[in-house]
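Here is the structure we will look at, set down as structure tokens.
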Amino acid sequence: MSRLYGDKEDINSEKVKDFFNKRASKDSEGLYSIVLFQDKENSEQRHEDEKKIFYENIDVSGKNVLEIGCGVGRWAEALHGKCDSYLGLDFSEELLEIAKESYKEFDDCNFQLMSATDIKVDELIIKPPFDVVIFSGFLMYINDDDINIIMDEVNQITADDKKVFAMEPISHMDSRLTLKDFYSEGLESDYSAIYRTESEYVEFFEKLNCNEIRTGNIFEELSDHSETGYMYFVVE
Ligand SMILES: C[S@@+](CC[C@H](N)C(=O)[O-])C[C@H]1O[C@@H](n2cnc3c(N)ncnc32)[C@H](O)[C@@H]1O
């Protein structure tokens with residue numbers, strides 16, 4: 001049960017999976033609240049705000065979009081009818097069931113159970129290459145070594161002119177903050193997550209063989225600690 005500053009500390013991905021599987025059966029106020037941890041109104045507003053930033057930066061028409069760590073699949077709502085195809089991968093069986101049920105009418109959107117660190121290319125139900133990759137509130141649950149694995153996987157299954165869009169909580173301090181088995185009263189659960197610095201994320205995204213990385217701060221009003229905030233990254 002700790003709040004660790006500075007050093008790289010691994011979190012336990014089985015515990016992360018367990019946490020998200022349990023979120024699926026929690027009495028959340030709305031679909032988006034399950035993954036955004038806010039009440040219905042605020043999570044719906046945040047979904048709209050995130051969509052706006054995404055579409056200001058990414059054109060998806062005619063594109064195949066992959067989201068890694070898709071949760072309840074809310075990006076399907078944003079992408080349905082706009083891209084050629086959307087595929088959401090997640091390792092939480094329970095959240096994926098909710099995603100499949102919620103968006104079963106969307107024939108351009110698919111969901112598949114798969115661990116981000118073990119993407120089975122031959123089994124993907126939408127065939128690569130993907131043109132756009134989304135990480136949304138996902139990399140914060142992934143240890144550094146595993147992010148390197150994911151960056152390699154992304155390079156293998158994407159087009160040369162891919163765009164990657166990430167939106168993650170970050171640390172505003174000089175170094176990262178790791179919550180490790182930290183009891184959160186709000187979530188009524190032990191919780192683990194890594195708040196990396198902007199430059200730590202930029203270093204990972206530089207592995208994606210792209211020309212440019214743009215970043216921006218978002219949701220400054222949502223951050224209850226001055227230590228942390230939210231950022232988006234556009235890698236192209
Ligand atoms: C906060 S939710 C975000 C969901 C979605 N991206 C969104 O923005 O609504 C984080 C998601 O990452 C998934 N996740 C975490 N580690 C994963 C891994 N190693 N492989 C696949 N999914 C993972 C969790 O199951 C969870 O659904």
Side-chain angles (χ1 to χ4, degrees), residues 10-26 28-38 40 42-54 58 65-80 86-100 102-103 109 111-120 123-124 132-154 157 164-170 179 184 186-187 189 191-196 204 218-219 222 228 230-233:
D10 279 354
I11 57 175
N12 183 319
S13 77
E14 280 307 308
K15 287 187 185 173
V16 169
K17 192 202 263 191
D18 211 43
F19 168 80
F20 279 107
N21 273 330
K22 289 197 177 118
R23 289 285 308 163
S25 50
K26 261 214 167 324
S28 295
E29 279 192 36
L31 182 62
Y32 303 158
S33 306
I34 299 173
V35 286
L36 295 181
F37 313 151
Q38 290 173 280
K40 188 170 189 306
N42 282 306
S43 54
E44 287 176 356
Q45 185 57 51
R46 179 160 148 206
H47 178 67
E48 291 307 313
D49 294 346
E50 290 189 357
K51 269 171 34 178
K52 187 163 174 287
I53 297 162
F54 178 82
I58 310 275
V65 182
L66 175 71
E67 182 183 8
I68 305 183
C70 64
V72 296
R74 71 188 173 94
W75 281 94
E77 188 283 327
L79 292 157
H80 166 58
Y86 161 86
L87 174 63
L89 305 180
D90 205 286
F91 74 171
S92 160
E93 301 86 351
E94 312 284 332
L95 291 188
L96 219 56
E97 279 311 308
I98 295 177
K100 285 182 181 164
S102 304
Y103 300 107
C109 296
F111 300 98
Q112 190 168 6
L113 187 66
M114 207 174 274
S115 166
T117 50
D118 187 18
I119 295 183
K120 301 199 182 330
E123 293 175 21
L124 288 170
V132 174
V133 176
I134 300 175
F135 302 120
S136 163
F138 158 72
L139 293 171
M140 64 187 299
Y141 301 110
I142 307 292
N143 290 316
D144 289 32
D145 289 349
D146 288 340
I147 296 192
N148 284 326
I149 292 173
I150 294 169
M151 295 299 133
D152 285 345
E153 290 173 329
V154 167
I157 57 174
V164 176
F165 182 81
M167 204 173 262
E168 296 288 334
I170 52 119
L179 301 183
S184 159
L187 297 170
S189 169
Y191 181 67
S192 297
I194 303 169
Y195 294 76
R196 297 185 172 86
F204 284 120
I218 40 174
F219 306 139
L222 274 186
T228 61
Y230 289 81
M231 285 200 97
Y232 70 87
F233 301 80

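All figures in this text were calculated on a predicted structure; none of them were measured in a lab. As the structure lists them, so they are numbered: ligands from 1, and atoms in each ligand from 1. All values below come from the heavy atoms of this structure, side chains included, with hydrogens, waters and symmetry mates left out. Along the sequence shown, residues carry numbers from 1.
- Atom 12 (O) of ligand 1 has its closest protein heavy atom at Phe138 CD1, 3.5 Å.
- Here is the list of ligand 1 atoms found below 4.0 Å of a heavy atom in Ser115: 20 (N).
- Scanning all protein heavy atoms for the shortest distance to atom 4 (C) of ligand 1 gives Gly69 O, 3.4 Å.
- Not counting sequence neighbours, Tyr195 has no partner by the side-chain hydrogen bond (donor to acceptor under 3.5 Å, both in side chains) test.
- The side-chain heavy atoms of Ser92 and Arg23, taken from C-beta on, include no pair separated by under 4.5 Å.
- At a heavy-atom cutoff of 4.0 Å, ligand 1 is contacted by both the backbone and the side chain of Phe91.
- Atoms of ligand 1 found under 4.0 Å from any heavy atom of Glu67 (numbered from 1 in listed order, with element): 5 (C), 6 (N).
- Classified by interplanar angle (parallel below 30°, tilted 30° to 60°, perpendicular above 60°), the ring pair Tyr141/Tyr191 is perpendicular.
- Of the charged side-chain nitrogens involved, at least one lies within less than 4.0 Å of a carboxylate oxygen, so that Glu77 and Lys51 count as a salt-bridged pair.
- For ligand 1, the atoms closer than 4.0 angstrom to any heavy atom of Gly71 are 4 (C), 27 (O).
- Applying the 4.0 Å criterion to heavy atoms of Arg74 picks out, from ligand 1, the atoms 7 (C), 8 (O), 9 (O).
- With ligand atoms numbered from 1 in the order given, ligand 1 contributes 25 (O) to contacts under 4.0 Å with heavy atoms of Ser92.
- A salt bridge is absent between Glu48 and Lys52: the closest approach of a Lys/Arg side-chain nitrogen to an acidic carboxylate oxygen does not fall below 4.0 angstrom.
- When the options Tyr86, Phe138, Phe54 are evaluated for a ring-ring contact (aromatic ring centres under 6.0 Å, His included) with Trp75, the one that passes is Phe54.
- Side-chain atoms of Ser25 and Glu94, non-hydrogen and from C-beta on, never get closer than 4.5 Å to each other.
- Every atom of ligand 1 with a heavy atom of Trp75 under 4.0 Å away is listed here by number and element: 8 (O).
- For Phe135, no heavy-atom contact with ligand 1 is shorter than 4.0 Å.
- Atoms of ligand 1 lying under 4.0 Å from any heavy atom of Leu95, numbered from 1 in the order shown and given with element: 27 (O).
- In this structure, Lys26 and Ile34 have side chains that are not in contact, with every pair of non-hydrogen atoms separated by 4.5 Å or more.
- Ligand 1 has at least one atom lying under 4.0 Å from a heavy atom of Cys70.
- Among Ala78, Ala116, Ser136, the residue whose heavy atom lies nearest to atom 3 (C) of ligand 1 is Ser136.
- At a threshold of 4.5 Å between non-hydrogen side-chain atoms, the residues Asp144 and Arg196 count as touching.
- At a 4.0 Å cut-off, not a single heavy atom of Met140 sits close enough to ligand 1 to count as contact.
- Relative to the six-membered ring of Phe111, Lys100 misses at least one condition, a distance below 6.0 Å or an angle of at most 45° to the axis.
- Residues Leu89 and Leu124 are in side-chain contact: their nearest non-hydrogen atoms beyond the backbone lie under 4.5 Å apart.
- Contact atoms of ligand 1 toward Gly137: 1 (C), 2 (S), 3 (C), 10 (C) (distance under 4.0 Å to a heavy atom of the residue).
- At a heavy-atom cutoff of 4.0 Å, ligand 1 is contacted by both the backbone and the side chain of Val35.
- Remark: distances from the non-hydrogen atoms of Met114 to ligand 1 include one below 4.0 Å.
- Taking only non-hydrogen atoms, the option from Asp90, Ile142, Ile68, Leu113 nearest to atom 13 (C) of ligand 1 is Asp90.
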